[in-house]
Engineer: 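Sharing a structure here in structure tokens format.
Positions are given from 1 along the sequence. These figures come from a predicted structure and were not determined experimentally.
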Amino acid sequence: MIRKREPRWQSAAERARVAAELIEEAESLTETSTIASPADVARAGLPPPITAQLPAPAPPPAPAEAPAPAGSVAEPTLDAALAADPDNVPLLVERAGLLAGATHYRAAQQDYERALRVDPIHGEALTGLGVLLSRRGLWSEAVPHLRRASEVDPGRAAAWFYLGEALNHVDELEGALAAYERAVELEPRNTRALYGLGIVLDRLKRPDEATRIYRRSREAGGG
């Protein structure tokens, strides 16, 4: 039998030496690549690992109040102003409007009535009180205030419009028609006044005129 000839370096002694070197290298790689446990670190006397921790975000600073200019006086509130001057009609009307907007109707009515005791022909107070009573469904009580408002301040379109609304609700159709027509004269593109006018014309059995007014209302509203 012919033996396969081995390279000269692959003698038994050479193979034993190479194997020993490979084993030594493998052991060295294993020792250096192993992740040290806490016990290993303690045995080696090394410092413990550092844990990175982000600092907690600081709360935003409270907004600093701007100091009042030297010598300035804080503006009084509406209530405080009226406490100092309880019969100030413009302030009473202003507060009544704010109260009505917040649906505090009784308090608003008290302010309107106080203003009218001081100035019985104040157009804005008369209109405001009439509108307030209308919102509460007290149409017949609203009518005299709105009628008076339209008399003392005939250029106030709101007074005429709400007078038409109130008169329509108490079935005074001819008066409602005149009131709506005056409101439309003052504000030709007032869609609500036009629509109310159309309703009254319908109720008066004038459907052709009502149809034309409804069309004007839609056109005024961009419809």
Side-chain angles (χ1 to χ4, degrees), residues 78 82 86-223:
L78 194 55
L82 278 169
D87 292 332
N88 188 312
V89 173
L91 291 180
L92 284 167
V93 171
E94 181 182 355
R95 186 171 71 177
L98 294 173
L99 288 168
T103 68
H104 299 307
Y105 293 143
R106 293 191 181 279
Q109 184 172 343
Q110 290 174 356
D111 276 355
Y112 280 132
E113 289 173 344
R114 186 181 187 95
L116 289 170
R117 284 196 295 270
V118 178
D119 184 0
I121 59 172
H122 194 278
E124 188 176 356
L126 285 165
T127 303
L129 180 55
V131 172
L132 176 64
L133 292 168
S134 298
R135 288 180 179 175
R136 296 179 59 192
L138 303 174
W139 301 103
S140 59
E141 294 181 33
V143 167
H145 298 292
L146 294 168
R147 182 172 279 132
R148 184 63 173 151
S150 66
E151 292 170 354
V152 301
D153 193 359
R156 185 180 291 274
W160 289 105
F161 167 72
Y162 284 107
L163 177 59
E165 292 276 281
L167 290 172
N168 183 36
H169 277 83
V170 297
D171 297 327
E172 292 188 24
L173 299 183
E174 292 295 340
L177 179 66
Y180 278 131
E181 286 176 339
R182 179 59 178 153
V184 171
E185 286 176 8
L186 293 170
E187 294 182 351
R189 298 187 65 81
N190 187 325
T191 57
R192 295 177 66 194
L194 286 164
Y195 189 75
L197 179 57
I199 289 175
V200 172
L201 288 168
D202 255 338
R203 295 189 67 192
L204 289 169
K205 310 301 182 184
R206 295 159 63 176
D208 293 340
E209 294 173 75
T211 298
R212 287 195 296 271
I213 294 299
Y214 288 142
R215 186 179 299 115
R216 282 183 58 187
S217 177
R218 289 195 301 270
E219 291 170 354

Engineer: For the residue pair Q109 and R136, establish whether any side-chain heavy-atom pair is separated by less than 4.5 Å.
Structural biologist: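 Side-chain contact under 4.5 Å: yes.
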
Engineer: Got a sec, which residues hit ring-ring contact (aromatic ring centres under 6.0 Å, His included) with H169, two or more places apart in sequence or on another chain?
Structural biologist: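 In terms of ring-ring contact (aromatic ring centres under 6.0 Å, His included), with neighbours along the sequence ignored, H169 is linked to W139.
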
Engineer: Can you list every ring pair (Phe, Tyr, Trp, His ring centres under 6.0 Å) pair that touches residues 93-112, not counting sequence neighbours?
Structural biologist: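 Residue pairs passing ring pair (Phe, Tyr, Trp, His ring centres under 6.0 Å), neighbours aside: none found.
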
Engineer: Could you measure the distance from the CZ atom of R192 to the CG atom of L197? Nearest 0.5 Å is fine.
Structural biologist: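 That separation rounds to 14.5 Å.
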
Engineer: Where is the tightest heavy-atom contact between A149 and L126, given as atom of each residue plus distance?
Structural biologist: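 For A149 and L126, the tightest heavy-atom pair comes out as CB-CB, 3.7 Å.
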
Engineer: Go through the steps to decide whether E174 and V200 satisfy the test side chain to side chain contact (heavy atoms under 4.5 Å, CB included), and finish with yes or no.
Structural biologist: CA-CA 8 Å; E174 292 295 340; V200 172; over 6 Å; no

Engineer: Enumerate the side chain to side chain donor-acceptor pair (under 3.5 Å) contacts for residues 154-166, please, sequence neighbours excluded, ordered by first and then second residue.
Structural biologist: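 Qualifying pairs: D153-R156, E165-Y180.
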
Engineer: At what distance, to the nearest 0.5 angstrom, does CG of N88 lie from CZ of R95?
Structural biologist: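 The CZ atom of R95 is 10.5 Å from CG of N88, to the nearest 0.5 Å.
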
Engineer: Hey, could you give me the NE2/OG1 distance between H122 and T127, rounded to the nearest 0.5 Å?
Structural biologist: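 If we round to the nearest 0.5 Å, H122:NE2 and T127:OG1 are 10.0 Å apart.
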
Engineer: Below 4.5 Å, heavy atoms only, C-beta onward: do R147 and L167 meet side chain to side chain?
Structural biologist: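 Heavy-atom side-chain distance check passes, below 4.5 Å.
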
Engineer: Pick out which of I199, L201, L204 makes a side-chain contact (heavy atoms from CB on, under 4.5 Å) with L173.
Structural biologist: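 Exactly one candidate clears the test, L204.
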
Engineer: Ignoring hydrogens, what is the shortest heavy-atom contact between G198 and I213? Give both atom names and the distance.
Structural biologist: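 Answer, listing the atom of G198 first, then I213: N-CG2, 3.6 Å.
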
Engineer: As an exercise, state the distance from CZ of R114 to CG of D87, rounded to the nearest 0.5 Å.
Structural biologist: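 It is 4.5 Å, given to the nearest 0.5 Å.
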
Engineer: Between E219 and R216, is there a side-chain N and carboxylate O pair less than 4.0 Å apart?
Structural biologist: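 No, no charged N to carboxylate O under 4.0 Å.
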
Engineer: Do you know the tightest heavy-atom contact between A193 and A183?
Structural biologist: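 Taking every non-hydrogen atom into account, CB-CB, 4.1 Å.
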
Engineer: Heavy atoms only: give me the nearest A100-L132 pair and the separation to one decimal.
Structural biologist: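 Closest pair (atom of A100, atom of L132, distance): CB-CD1, 4.3 Å.
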
Engineer: Within a reach of under 6.0 Å around CD1 of I121, are more than 12 heavy atoms found that belong to other residues, nucleotides or ligands?
Structural biologist: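 Count not over threshold, so no.
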
Engineer: Compare every heavy atom of A166 with every heavy atom of L146, then report the nearest pair and how far apart it is.
Structural biologist: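 Scanning both residues, the minimum pair turns out to be CD1-CB, 4.1 Å.
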
Engineer: Within the distance-only criterion (no hydrogens, no angle test), does the side chain of R203 pair as donor or acceptor with the backbone N or O of N168 below 3.5 angstrom?
Structural biologist: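 It does hold such a pair.
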
Engineer: Mind checking the CG-CZ spacing from L177 to R206? Nearest 0.5 Å is all I need.
Structural biologist: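 It is 5.5 Å, given to the nearest 0.5 Å.
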
Engineer: Which pair of non-hydrogen atoms, one from T191 and one from S217, has the smallest distance, and what is that distance?
Structural biologist: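 Smallest interatomic distance, heavy atoms only, reads O-OG, 3.2 Å.
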
Engineer: Rounded to the nearest 0.5 Å, how far apart are CG of D208 and CG of D202?
Structural biologist: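 It is 10.0 Å, given to the nearest 0.5 Å.
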
